[in-house]
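Each ligand, and each atom within it, is numbered from 1 in the order the structure gives. Sequence positions, counted from 1, serve as the residue numbers for this chain. Bear in mind that the values here come from a model prediction, so they are computed numbers and not experimental data.
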Amino acid sequence: MDTNSKTVYFTIDFHLVAREKPLLYNIYINSSTVKGKDHYVKIVRPGEILNDGDIEGFKKYQRIHVLESERGLYLKSLAEDDNIESIDKVSVIKDSAVKHLDDIFNPGKEFNTEILGEALDGCHDSMKAMVDVIKDYDINSLKKLIGDLSFHDFYTYDHSINVSMYSVLIYKQLKPNASEADLVAIGLGGLLHDLGKTKISTEILNKTGNLTDEEFAEIKKHPEIGVELFREANPEFPGLKKETIEKVIVEHHENIDGSGYPKGIKGEDHHIFSKVVSIADFFDAITTKRSYSQALPIEDALEIMKRTVGKKIDSDIFDFFVKKVSKVLLTGKTMIELPVDFNTEVAHAKLPVQKVQPKKLGENFTKASDNPNKITK
Ligand SMILES: [Fe+2]
Ligand SMILES: [Fe+2]
């Protein structure tokens, strides 16, 4: 029996409890009916095997709970469970990631290095489970899954989670033999790329008008602040190359031609994870509906991104993204583009798309009609 009032529990759904295999975690009920006087009692221990009848029987307790400290074990068990639908798994994993991201990004919550360290450990558990579930997806199925999942307005959190999932998939397609540790590392890079935004005023981040030079200078600090915070928290992340996550955090706004920030380093000096996360970041920023901005259809988004190849994003990885990962055909019909200095970070009342003249499309612009097989494989 655990009566420690400081112990934290979270509620789990009856249909998402592992059955017909040894449990990895303890299950508790709250035996108290007095509000504010919770009394948790352990009803199942790790190693026990439950069947449908057992779980049906638990419904008389109305709610069942797992220790917050065993959330990682619960997620691992869930991710590996063949009897549970992917949408249910990802939904729970995403909720866990949102909880940890909220501990990091919510300006109303207490924030210190210790809290950040715990939240980063939680992000690690969530990402391990996420990689387990989505590693065999393709981008189109993932885009659909993300659409089905988008049920709240926590844009920052949704964006971080989406970028992490796209990054994992792009990298997995790029390097089919990538180790699980590398997939988790790039996923964490995507999840934490904007860690430094916790120290940037929300007024600036949410401003939908033009930024002043001072405001933009402030935003440009977030990659370096992010790395500092990450180093201070010094999460363990066993088996992962933490320096690759740091690279993503500090390099995700660097551009291939050296026009990005904070250092203005050129493409050959960017870590491959950073190049992948930049593409995922750009793609999600323009294809996901934000409360204050429209979303572009995938075809338009890809065409707009194509115009920034060699300037903002890496040519080889983008080609790969279009040809192998995304099965969407480029139509060649889009006559709009985004400014080269489009910032994926700040709010836009409307995406600042501009009409372009057809002659600007250029000879080598890929059109679906040129060779459909080339880009549908
Ligand atoms: Fe950023
Ligand atoms: Fe971003």
Determine whether Ile170 and Phe320 make a side-chain contact, defined as any pair of heavy atoms from C-beta on separated by less than 4.5 Å.
no
Between Asp103, Thr198, Leu195, which is the residue that forms a side chain to side chain contact (heavy atoms under 4.5 Å, CB included) with Leu116?
Leu195
Number of protein N/O/S atoms less than 2.8 Å from the Fe ion (ligand 1)?
5
Per the side chain to side chain donor-acceptor pair (under 3.5 Å) rule, which among Asn106, Asn162, Asp102 passes with Tyr157?
Asp102
For a 4.5 angstrom cut-off between non-hydrogen side-chain atoms, does Glu243 reach His271?
no
Residue pairs, two or more places apart or on separate chains, that pass salt bridge (charged side-chain N to carboxylate O under 4.0 Å, His left out) and touch residues 228-237
Arg231-Glu246
Option among Phe58, Tyr28, Tyr40, Phe10 that satisfies the ring pair (Phe, Tyr, Trp, His ring centres under 6.0 Å) test with His65:
Tyr40
